[in-house]
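Below: one structure, written as structure tokens.
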Amino acid sequence: MAHLWTGVFPAVTTKFHADESLDLAATAKHIEWQLACGADGIIVCGSLGEASTLASDEKIAILKAAKEVAGNKPVLLTVAEDSTRAACAMAQAAYAAGADGIMLLPAMRYVSDERETLNHYQRVADASPLQIMIYNNPVAYGVNITTEMYQMMAAEAKFVAIKESSGDIRTLTNVINAVGSRFAIFSGVDDLALESLMMGADGWVAGLVVAFPQETVAIYRLAKAGRWDEARALYRWFAPLLHLDVSMKLVQNLKLCETMLGVGSEHVRAPRLPLSGSERERVTHIIEAGLARRPQLPEL
């Protein structure tokens, strides 16, 4: 089936001033650059966007800033709230502010069981007309959306995509075997992206794209064109950098990447602090090594 969303969707960082206030101009400029480099859509206020530190009105302000520069490319707002009631309210606010869809997580903090998780997703779907990307990340959030649950969720037309971040490449095949092409499936783990595309993923919710958009888009397009040798060579170069996204310090890691490439700053919101000491030295070395070996991209 033809899917509403496919391709590379950067999960962008949120830009702050030194005093931790929002830098909406820098955020919008960065999103504009991502789209100019070939991104197919944008996701704001996710984990990489420091959602847990943002107030509801700030999330809507970021969404509106993104929409102003996105043209005809879809902008999704991440909905990751502590309660179903709050998630429904955020979905309604996203619709009112012009979002093209939402990326929906289970309720935060409380680890819901299967019945509670399904109820949460259905109630949010009922709360607004927006299409939904289901975000499954049991490693980070403790709630696993199983293949059997996807079979039940397939009855709701607003569920159109899945961000698959279980870390188990077998999950993608199991979901396709269970529900076919009902959902667009996006890889949500940077260092499993090419493997996921090889196994039939329709897109990539990407992290390192915030500093390396051309390389990310190139891997996706090469894979979709069946140019596997070229995609694999580029991916192997990229892998040490992609590993930086699979970390509790992914925000600091990637904001350091942005800073070293001149496309962002290291300003984060407490309790996060920029990297320091040996940790900073290690990440800096990985970035410098990647830049020293940065390959020329093939013609697409």
Side-chain angles (χ1 to χ4, degrees), residues 3-13 34 39-52 63 66 73-81 87 90-91 94 99-108 117-118 120-121 124-125 130-147 149-150 153-154 156 158-176 178-179 181-197 199-210 216 219-220 223 242 245-246 250-251 254:
H3 291 295
L4 179 65
W5 301 321
T6 59
V8 175
F9 277 50
V12 294
T13 53
Q34 291 287 316
D40 299 289
I42 295 291
I43 299 176
V44 297
C45 304
S47 301
L48 186 55
E50 299 177 67
S52 63
L63 168 63
K73 298 294 179 69
V75 177
L76 279 58
L77 177 69
T78 305
V79 174
E81 309 299 324
M90 183 55 66
D100 298 289
I102 61 174
M103 183 172 74
L104 178 59
L105 280 73
M108 299 290 96
T117 301
L118 290 170
H120 173 81
Y121 274 86
V124 177
L130 292 175
Q131 282 91 5
I132 295 171
M133 178 183 289
I134 301 163
Y135 183 9
N136 186 40
N137 190 339
V139 177
Y141 302 112
V143 176
N144 185 38
I145 301 176
T146 65
T147 300
M149 293 167 73
Y150 285 128
M153 297 170 88
E156 172 53 66
K158 292 174 190 171
F159 298 139
V160 299
I162 297 168
K163 179 184 176 183
E164 165 45 30
S165 299
S166 70
D168 185 348
I169 193 63
R170 295 170 295 190
T171 300
L172 197 145
T173 296
N174 292 339
V175 172
I176 292 172
V179 297
S181 60
R182 166 62 181 82
F183 303 106
I185 302 179
F186 284 70
S187 172
V189 180
D190 262 7
D191 56 7
L192 276 177
L194 186 59
E195 294 87 341
S196 299
L197 291 167
M199 298 311 298
D202 303 285
W204 180 359
V205 176
L208 264 294
V209 68
V210 299
T216 305
I219 289 171
Y220 174 80
L242 296 175
D245 188 56
V246 188
L250 78 161
V251 173
L254 271 60

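As the structure is a computational prediction, the values presented were derived from the model and not from experiment. Position 1 is the first residue of the sequence; numbering continues from there.
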Between [X] and [Y], which heavy-atom pair has the shortest distance, and what is it?
| X | Y | answer |
| --- | --- | --- |
| Gly7 | Phe186 | O-CE2, 3.4 Å |
| Ile169 | Leu192 | CD1-O, 4.5 Å |
| Leu197 | Gly203 | CD2-O, 4.3 Å |
| Ala193 | Ser187 | CA-OG, 3.5 Å |
| Met153 | Leu118 | CG-CD2, 3.5 Å |
| Val189 | Ser165 | CG2-CA, 3.7 Å |

Is there a side-chain contact between [X] and [Y] in this structure, where contact means two heavy atoms from C-beta onward sitting under 4.5 Å apart?
| X | Y | answer |
| --- | --- | --- |
| Asn137 | Leu105 | no |
| Val75 | Leu63 | yes |
| Tyr150 | Ile134 | yes |
| Val205 | Met133 | yes |

Practice task
Could I get the full list of salt bridge (Lys or Arg N to Asp or Glu O under 4.0 Å) partners for Asp100, not counting sequence neighbours?
Solution key: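 Once residues adjacent in sequence are excluded, the partners of Asp100 under the salt bridge (Lys or Arg N to Asp or Glu O under 4.0 Å) criterion are Lys67.
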Practice task
Tell me, please, which residues at least two apart from Glu164 pass salt bridge (Lys or Arg N to Asp or Glu O under 4.0 Å).
Solution key: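 Counting only residues at least two positions away or on another chain, Glu164 forms no salt bridge (Lys or Arg N to Asp or Glu O under 4.0 Å).
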For [X], what residues pass the side chain to side chain contact (heavy atoms under 4.5 Å, CB included) criterion, not counting sequence neighbours?
| X | value |
| --- | --- |
| Gln131 | Leu4, Trp5, Val160 |
| Leu172 | Ile176, Ile185, Ser196, Met199, Ala201 |
| Ala87 | Val79, Glu81, His120, Val124 |
| Lys73 | Leu35 |

Within the side chain of [X], is there an N or O that forms a donor-acceptor pair under 3.5 Å with the backbone of [Y]?
| X | Y | result |
| --- | --- | --- |
| Tyr135 | Gly188 | no |
| Thr13 | Gly49 | no |
| Asp190 | Gly207 | yes |
| Asp202 | His3 | no |

Practice task
Starting from the C-alpha separation in whole Å, work towards a yes-or-no answer on side chain to side chain contact (heavy atoms under 4.5 Å, CB included) for Leu250 and Leu48.
Solution key: CA-CA 7 Å; Leu250 78 161; Leu48 186 55; 4.3 Å; yes
Spacing of [atom1] belonging to [X] relative to [atom2] belonging to [Y], to within rounding of 0.5 Å:
| X | Y | atom1 | atom2 | answer |
| --- | --- | --- | --- | --- |
| Thr147 | Arg170 | OG1 | CZ | 11.5 Å |
| Thr117 | Asn136 | OG1 | CG | 9.5 Å |
| Ile145 | Ile162 | CD1 | CD1 | 8.0 Å |
| Thr216 | Trp204 | OG1 | CH2 | 4.5 Å |
| Ile219 | Leu208 | CD1 | CG | 10.0 Å |

Problem - Side-chain donor-acceptor pair present, Tyr141, Ser47, cut-off under 3.5 Å - result: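 Yes.
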Exercise for the section: I would like to know whether Asp40 and Thr6 meet side chain to side chain contact (heavy atoms under 4.5 Å, CB included); could you show each step before the answer? Expected result: CA-CA 7 Å; Asp40 299 289; Thr6 59; over 6 Å; no
